[in-house]
Amino acid sequence: MRKMLIAGNWKMNFAPKKAVKFVDQIKESIDIKERDVVLCVPYVALQPVKDALKGTSVQVGAQNVHYMDDGAYTGEISPAMLDEMEVPYVIVGHSERREKFAESDTTVNLRALRALKHGLCPIICVGETQKQRGAQRTEDVLRKQVKFALDEIKPERAEKVVIAYEPIWAIGTGVTATTAQAEDACAFIRTLLVERFGKEIAQKIRILYGGSVTPKNAAELFSQPNIDGGLVGGASTIPTFDEVVKAGL
Ligand code: PGA
């Protein structure tokens, strides 16, 4: 059985002081033994939030990571650094990174590979644009993104991988994919994982849905057989995040 994972993606919100205040406010209500809960926070808030979460089962994650361990990469953070800080999760290839920071399928793959090498769980984001969906190209896009992202990942490390299906048109728009659209895409991603790693491993990899998840729609989304939780943006930055974390329990 896959344990459901609910990951909050704070994006570029909450400086350290505000982050700790918010975490102190919600940490008890999101500390749920039935689910893995992760807060992906800005780099500068990682340590303070980690400290604030001590004594709970809630974990922290970063929102991006470079694909080298060190070197002349001004402004970047390496997987070795996150490893030393004992940060267990990192988002890789979020559509905002792909669109606004020119990340490609190739660098997404390199980031995921290097993160895995350091024992981090990469939450690899994939998803189509509105135009691609309209042109019935969703499966082609997902096939390409998933294939590239998983290149050279060894089967023995694959179980640490998390895939987040995030249709770009649903991110921050208030327009959520219908439950059927989300489940269909996640089920399709599962077939790609079976092709790549075989059935046994594919059944262990968690696939999240992301894109305007709220306390209202979360329970239905999370009830689907191939949706193993959510990557939650806006709704993870308000006190009712616990309702998403507990949705459907
Ligand atoms: P949203 O963002 O929940 O605000 O739509 C999701 C994401 O970008 O991961």
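These numbers come from a predicted model, not from an experiment. All residue numbers refer to positions in the sequence shown, counting from 1. Atoms within each ligand, like the ligands themselves, are counted from 1 in listed order. Values reported hereafter were calculated over all heavy atoms of this structure, with side chains retained and with hydrogens, waters and symmetry mates removed.
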Would you please test R143 and D140 for salt bridge (Lys or Arg N to Asp or Glu O under 4.0 Å) and show each step?
CA-CA 5 Å; R143 180 182 291 282; D140 294 342; 5.6 Å; no
For Y67, give me all partners under side chain to side chain contact (heavy atoms under 4.5 Å, CB included), at least two apart in sequence or on another chain.
T107, L110, R111
Measuring only between side-chain heavy atoms, which start at C-beta, is H94 closer than 4.5 Å to N64?
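They are not in contact (no side-chain heavy atoms under 4.5 Å apart), so the answer is no.
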Applying a heavy-atom distance cut-off of 4.0 Å, which protein residues contact ligand 1?
N9, K11, H94, E166, A170, I171, G172, G211, S212, L231, V232, G233, G234
Contacts satisfying side-chain hydrogen bond (donor to acceptor under 3.5 Å, both in side chains) that involve residues 144-156 (not counting sequence neighbours) are D105-K144
Just list the side-chain donor-acceptor pairs under 3.5 Å for residues 240-249, sequence neighbours left out, or say none.
| from | atom 1 | to | atom 2 | distance (Å) |
| --- | --- | --- | --- | --- |
| D242 | OD2 | K246 | NZ | 3.0 |

Checking R190 against Q203: is there a side-chain donor and acceptor pair closer than 3.5 Å?
no
